[in-house]
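Following: one structure in structure tokens, then a few remarks.
In what follows, chains are A, B, ... by sequence order, proteins preceding strands, each numbered from 1. Keep in mind that the numbers below use all heavy atoms, side chains included, and drop hydrogens, waters and symmetry copies.
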Amino acid sequence: MEKISPRTLSGFMELLPGRQVLFDKMAEMLRGSFSLYGFTPLDTPLVESAEVLLAKGGGETEKQIYRFNKGDSDLALRFDLTVPLAKYVALHGGALTFPFRRYQIGKVYRGERAQRGRFREFYQADIDIIGDGSLDIMNEAEIPSIIYRSFTTLGLTKFVIRVNNRKVLTGLFELTGVGQKAADVMRIIDKLEKIGINKVREMLENEAGVDADQAEQILDIVTCQERGEEPIEKLSSLKGKNETFDTGLFELEAVIKHMAEFGVPNSHFQIDLTIARGLDYYTGTVYETTMTEHPEIGSICSGGRYDNLAEYYTNRKLPGVGISIGLTRLFFVLEDGGYLNDALMTAPADVLILPMTDDMGPAVSLATAMRQEGLRVQIYAENKKFKARLSYADKLKIPYVVFMGEDELSKGLITVKNMVSGEQTTASAAMITTALKDSIPGIRSGVPIREPKK
RNA sequence: GUGGGUAUAGCUCAGUUGGUUAGAGCACCGGAUUGUGGUUCCGGGGGUCGAGGGUUCAAAUCCCUUUACCCACCCCA
């Protein structure tokens, strides 16, 4: 029979068991961090009606979304976790308590060309705080501290949380007379770090149709940091001329001030007037977190404030603030930096039982008794050679193997072998179970270094 | 959607100006060692050279087409 060649689609990721364990550890640590801030877990469907997901319409989303029909239904895969959240709060708002704080870790889908750090299927970890009618700016300052805690908990130190405020930019554009072209100007300004000031100047003039002196005014403000100027001071000089600008500046100052109180050290955040985007529903504060040692991978966590998340689904006004962490990207950064290593590796079982007689009964009873005590146990029931069985334990890094052979069973005993030290002990099942129970918690947190063979 | 690159064993890759039966390392299986793994040694299985067509006495190698993947742009986590 002709075989179909097994393959995984481009941009989709599959991990081998060892790395999957590490990925799950990473997700678990993030959940731990999020719950410290009082967020509740949420899960929503991967598939939604296309009408719901495309409510906003137009733009990149429409081009990149996976969309398909099943019977008469027009369906789509979610391309982020924020739109489904909007639907969720619009639908269940009556039953939720606001401000609603939820976290969600799940896969999202984008039908774009895959490349380094860009996947078609990837995990996002989102946290959002949704208010009913209003939401205090304090929440916008708290979000970066959650990023800070989450990343440092994972062991990361080399990252910067950049903060900006869209109202500041919008106001600035109005002030310089390019308000009509705000979207294009923002898009181009956002490229500053990547392509440099000269190309940006060129693009502003050629693509956005901005006058040379208008471009100069904007660039003067936006790149002030590179010249060693203090952004807040620079912006303050423009105060009182545009309402949107003033509001944005006030918010930016407040966020910066409270962020410090929330414990984000100066070294890990900066005002960056060039970050503008993320998805386009943001209306005020925006965040973008990049890894100092992996600029090529792009933003690993971004988000911001949106004034009316659910406007396409309800008349109820539900402002919010949130961020999205690109877990799949984060995982590669963590692996590359050696943050996920054997110290975090956990074997799938604590004990492997090898029944060596035809009667599996005693092995099954022992497994049941050990599981009752909280030990993670596998029975190796296959009729393979002894060395193959031990090799199985070795490959899976299972730390203890129990032998149940004629010799032991006839005396009512069992033998346990410590796969790390090679030591073997023969004793009653009860004694061994108790001894393992005491030693396992330490083992489970990581596989100890194997002693060299003599 | 646009541009560039790559495609040889399960994986990572060699393969000379086209020239006998296409190789290595890792992985896998067996043996040395029938109740003792991770080391070592010996042996073994596994390939329509991505697919289709062409040039040639002869193609993994040269040409054309096509597909997939990778990288970059757009955009983004």
| task | Could you work out the separation of B:A68 and B:C49 based on their C1' atoms and round it to a whole Å? | result | 16 Å
| said: Can you give me the dot-bracket string for RNA chain B, 5' to 3', counting Watson-Crick and G-U wobble pairs with both distances under 3.5 Å, using [ ] for crossing pairs and | for partners on another strand? | reply: (((((((..((((.....[...)))).(((((.......))))).....(((((..]....))))))))))))....
| query | Partners of A:Phe332 by ring pair (Phe, Tyr, Trp, His ring centres under 6.0 Å), sequence neighbours excluded? | reply | A:Phe119
| query | When all nucleic acid strands are considered with a 4.0 Å heavy-atom cut-off, which category describes A:Ile325: base, sugar-phosphate, or nothing? | reply | nothing
| task | Check every atom of B:A77, B:U36, B:G35 against the side chain of A:Asp407 and return the nucleotide holding the closest atom. | result | B:G35
| query | Can you tell me how far P in B:U16 sits from the matching atom in B:U2, rounded to whole Å? | reply | 35 Å
Between protein and nucleic acid, restricted to nucleotides 26-31 of chain B and to nitrogen or oxygen atoms under 3.5 Å apart, what atom pairs and distances do you find?
| unit_1 | atom_1 | unit_2 | atom_2 | d |
| --- | --- | --- | --- | --- |
| B:C28 | OP1 | A:Lys395 | NZ | 3.1 |
| B:G31 | OP1 | A:Lys385 | NZ | 2.3 |
| B:G31 | OP2 | A:Lys385 | NZ | 3.4 |

| said: Could you tell me how far apart A:Leu396 (CG) and B:G37 (C1') are, to the nearest whole angstrom? | reply: 12 Å
| Considering only the P atoms, how many Å lie between B:A22 and B:C28, rounded to the nearest integer? | 26 Å
| Rounded distance (Å) that lies between atom C1' of B:C76 and atom CD1 of A:Ile275 | 14 Å
| task | Quick one: list whatever passes side chain to side chain donor-acceptor pair (under 3.5 Å) with A:Arg116, sequence neighbours left out. | result | none
| field | Partner set under salt bridge (Lys or Arg N to Asp or Glu O under 4.0 Å) for A:Lys158, not counting sequence neighbours | value | A:Glu293
| Taking atom P in both B:G38 and B:G31, what distance in whole Å separates the two? | 13 Å
| field | Below 4.0 Å: OP1/OP2 of B:A77 and any side-chain N or O of A:Ser302 | value | yes
| request: Could you work out the separation of B:U65 and B:G5 based on their P atoms and round it to a whole Å? | output: 13 Å
| request: May I ask you to say what A:Tyr392 touches in the nucleic acid, namely base, sugar-phosphate or nothing, with a heavy-atom cut-off under 4.0 Å? | output: nothing
| message | Applying a 4.0 Å non-hydrogen cut-off, can you work out what A:Gly298 is touching in the nucleic acid: base, sugar-phosphate, or nothing? | response | nothing
| remark: ring pair (Phe, Tyr, Trp, His ring centres under 6.0 Å) filter on A:Tyr66, not counting sequence neighbours, yields none
| Does A:Glu335 have any salt bridge (Lys or Arg N to Asp or Glu O under 4.0 Å) partners at least two apart in sequence or in another chain, and if so, which? | A:Arg19
| Euclidean distance for C1', B:U17 against B:U61 (whole angstrom) | 11 Å
| Got a sec, which pairs hit salt bridge (charged side-chain N to carboxylate O under 4.0 Å, His left out) with one end in residues 407-423 of chain A, sequence neighbours left out? | none
| Expressed in angstrom and rounded to an integer, what is the separation of A:Met291 atom CE from B:C76 atom C1'? | 18 Å
| query | B:G37 phosphate, OP1 or OP2: any side-chain N/O from A:Arg389 under 4.0 angstrom? | reply | no
| query | Mind checking the C1' distance from B:G50 to B:A60? Whole angstroms is fine. | reply | 12 Å
| Residues forming a side chain to side chain donor-acceptor pair (under 3.5 Å) with A:Glu373, sequence neighbours excluded | A:Lys437
| said: Mind checking if A:Lys191 touches a base, just sugar-phosphate, or nothing, with heavy atoms under 4.0 Å? | reply: sugar-phosphate
| query | Looking only at N and O atoms, is any donor in the side chain of A:Asp394 or the base of B:G37 less than 3.5 Å from an acceptor on the other one? | reply | yes
| request: Would you check if the distance from the ring center of A:Tyr339 to the ring center of A:Phe151 is below 6.0 Å? | output: no
| Parallel, tilted or perpendicular: which describes the rings of A:Tyr306 and A:Tyr281, with under 30° parallel and over 60° perpendicular? | perpendicular
| Whole-Å gap separating P (B:C75) and CG (A:Asp190) | 9 Å
| note | note: A:Met13, atom CE; B:C69, atom P; distance rounded to Å ~ 17 Å
| message | Below the 4.0 Å mark, does B:G38 have OP1 or OP2 next to a side-chain nitrogen or oxygen of A:Lys397? | response | no
| request: Quote, to the nearest angstrom, the P distance that separates B:G46 from B:C41. | output: 24 Å
| query | Which distance, rounded to the nearest 0.5 Å, do you find between the CD of A:Gln378 and the CG of A:Leu354? | reply | 10.5 Å
| message | Classify A:Tyr123 by what it touches in the nucleic acid, base, sugar-phosphate, or nothing, heavy-atom distance under 4.0 Å. | response | nothing
| task | Measure across A:Leu334 and A:Met26 and return the closest heavy-atom pair with its distance rounded to 0.1 Å. | result | CD1-SD, 3.4 Å
| field | d(CD, A:Glu112; P, B:C75) in whole Å | value | 12 Å
| request: Starting from C1' on B:G37, measure out to CG on A:Leu390 and report it in whole angstrom. | output: 5 Å
| Aromatic rings A:Tyr88 and A:Phe100: how do their planes relate, parallel, tilted or perpendicular, breaks at 30° and 60°? | parallel
Give each protein N/O atom lying under 3.5 Å from an N/O atom of nucleotides 70-72 of chain B, with the pair distance.
| unit_1 | atom_1 | unit_2 | atom_2 | d |
| --- | --- | --- | --- | --- |
| B:C70 | OP2 | A:Ser10 | OG | 2.5 |
| B:C71 | OP1 | A:Arg116 | N | 3.4 |
| B:C71 | OP2 | A:Arg116 | N | 3.3 |
| B:A72 | OP2 | A:Gln115 | OE1 | 3.2 |
| B:A72 | OP2 | A:Arg116 | N | 3.3 |

| message | Expressed as a whole number of angstroms, how long is the span from A:Glu382:CD to B:G37:P? | response | 20 Å
| said: So, using salt bridge (Lys or Arg N to Asp or Glu O under 4.0 Å) as the criterion, who are the partners of A:Asp43 when residues are at least two apart? | reply: none
| task | If a pair satisfies side chain to side chain donor-acceptor pair (under 3.5 Å) and one of its residues is in residues 354-366 of chain A, list it, with sequence neighbours excluded. | result | none
| Base, sugar-phosphate alone, or nothing: which one does A:Glu408 contact when heavy atoms must sit under 4.0 Å apart? | base
| field | Earlier contact from the 5' end, RNA chain B, for A:Phe119 and A:Thr415 | value | A:Thr415
